[in-house]
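One structure is given below, encoded as structure tokens.
What's counted below: heavy atoms across the whole structure, side chains too, no hydrogens, waters or symmetry copies. Here is how names work: the chains are called A, B, and so on, in the same order as the sequence lines, proteins then strands, and each is numbered from 1.
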Amino acid sequence: MTPNASVPKAVRPDEDLGRSVAKTLWVDKAQGGVIPRDVFVDTRPVSALSVDRMDHAPRSEMARIAREREARREGNRRFRGWALVRSDKAGQNGRTVRATPRCDNPYHTDIRLPVPADAWKEVKQEKRAHGQELADFARWESAPQEEPTP
Amino acid sequence: MTPDGGLLTALDERYQTEESVRLLQQDAPYHGEVSIESFQRRLVPTEFDAASRRQWDVSIRSLLHSTLQPPHAHLPIEDSEHANLWHALRAAIESPRMEAEDDWLADAIAELGRIDHYIRSDGLPDVGQHARDEAQRLLEDLRLQPLAPVIYPSEGDLVIHFKAPSAPASVVIEVSDDGRAVCYAHMHGKSRRASYDTSTDLPDVFLWDQMHKLTNLV
């Protein structure tokens, strides 16, 4: 599959970016009204967060991509919903938003943090502070019901 | 002025225990000023059940409301730790949300007790006993704050997360099992944080100040 040509390359400031969520803890807290900052913290030595552009495909398609991604992760987790943050908010305080389409996900986008990727321990607090900011701006949306396979 | 600044005299007699008198008199150097610690932790008789604690809180709040005066009024407000404490306490007392949400401590401690469920179900790193104990102590110290916190494990640390109800803002306290702590505040699009080698330094002026600002966000 090639990247979807209908998805504009530039990310608009008012686009919703979705961070898929599978952990029970995060889902329970988000449904209770507080999105944990860890939803937006990648504990690996990386300086970007993977999100999906939510405004260019039906939710069912975005959910399919998220389900497949979570199923590939360790523990075969079940996708439960998204923490949605607007692109302009995601791009504040030194962060940048850049579309990074992939063959299996033309909506893939990176929120790049202004922290070095190779100094995880030194920048742990920085990443957590960015995670807190993003979580404050985010809102929760539960995954749509999975359509039964024919 | 009596050693307790007249406060204890005005308390309902049923709340006057020998222990509370002794503790309040230990605060004589305050010369009638009210320390948050006294009223949040030390003076609340431990034998009270939940209903009695609520009644106690209402009495305390009512008294403080009528008697509190800004301490060290001759000093610039930012130079006085007592001034910040006074602001925080005054905000807690005057908040209209206080009556509705003053039961959050029991819920928060219960939430703290449920973290093992999530650690198991999500395969998260365990949280040590010291971090748990410190988190509970902090919750008790912060119990007069009107905003109810959310508690969750975070990569081996424990997080106490206060979110503003109607603004993208929060105060997050992170307690580690090695005794360290970090306080993160995000308000008005800006972040501030303070690190502590020992979590027992919390709550401090920075935390009270950030909680006061968070509580008063519209």
TODO: Specify the closest pair of heavy atoms between Asp122(B) and Leu25(A), including all atoms of both residues, with the distance to one decimal.
DONE: OD2-N, 2.8 Å
Task: Least distance between heavy atoms, His161(B) atom then Ile35(A) atom - done: CE1-O, 3.8 Å
- [ ] Please flag which part of Leu124(B) lies under 4.5 Å from any non-hydrogen atom of chain A: side chain, backbone, both or neither.
- [x] side chain
Open item on the list: Side chains of Glu155(B) and Arg128(A), heavy atoms from C-beta outward: is any pair under 4.5 Å?
Closed with: yes
Task: Leading residue by heavy atom contact count with chain B [cutoff under 4.5 Å; candidates Ala138(A), Pro36(A), Ala135(A)] - done: Pro36(A)
Open item on the list: Can you tell me which portion of Val182(B) sits under 4.5 Å from chain A's heavy atoms? Options are side chain, backbone, both or neither.
Closed with: side chain
TODO: Could you look at Lys29(A) and say if it's the side chain, the backbone, both or neither that has a heavy atom under 4.5 Å from chain B?
DONE: side chain
Task: From CD (Gln92(A)) to NZ (Lys190(B)), nearest 0.5 Å - done: 11.5 Å
- [ ] Considering non-hydrogen atoms only, spot the tightest contact between Tyr118(B) and Asp28(A) and give its length.
- [x] OH-OD2, 2.7 Å
- [ ] Scan Asp136(A), Val85(A), Leu134(A) and name whichever one has a side-chain contact (heavy atoms from CB on, under 4.5 Å) with Pro168(B).
- [x] Asp136(A)
Open item on the list: Less than 4.5 Å apart, side chain to side chain, heavy atoms only: is that true for Lys124(A) and Asp157(B)?
Closed with: yes
Task: Proximity breakdown for Ala164(B) and chain A, heavy-atom pairs closer than 4.5 Å - done: neither
Task: Heavy atoms of other groups near Gln145(A) CD, more than 12 under 6.0 Å - done: no
- [ ] Kindly determine whether Gln132(A) and Ser191(B) satisfy side chain to side chain contact (heavy atoms under 4.5 Å, CB included), including the steps that lead there.
- [x] CA-CA 9 Å; Gln132(A) 180 181 353; Ser191(B) 288; 5.9 Å; no
- [ ] Check the side chains of Tyr152(B) and Asp38(A) for a donor-acceptor pair under 3.5 angstrom, ignoring hydrogens and angles.
- [x] no
Open item on the list: Looking only at side-chain N and O atoms, does Arg37(A) offer a donor or acceptor that is under 3.5 Å from a partner on Ser170(B)?
Closed with: no
- [ ] Output the option from His117(B), Arg192(B), Glu174(B), Lys163(B) having the highest count of non-hydrogen pairs under 4.5 Å with chain A.
- [x] Glu174(B)
TODO: Evaluate the side-chain proximity of Gln125(A) to Ser195(B): yes if any heavy-atom separation is below 4.5 Å, no if none is.
DONE: yes
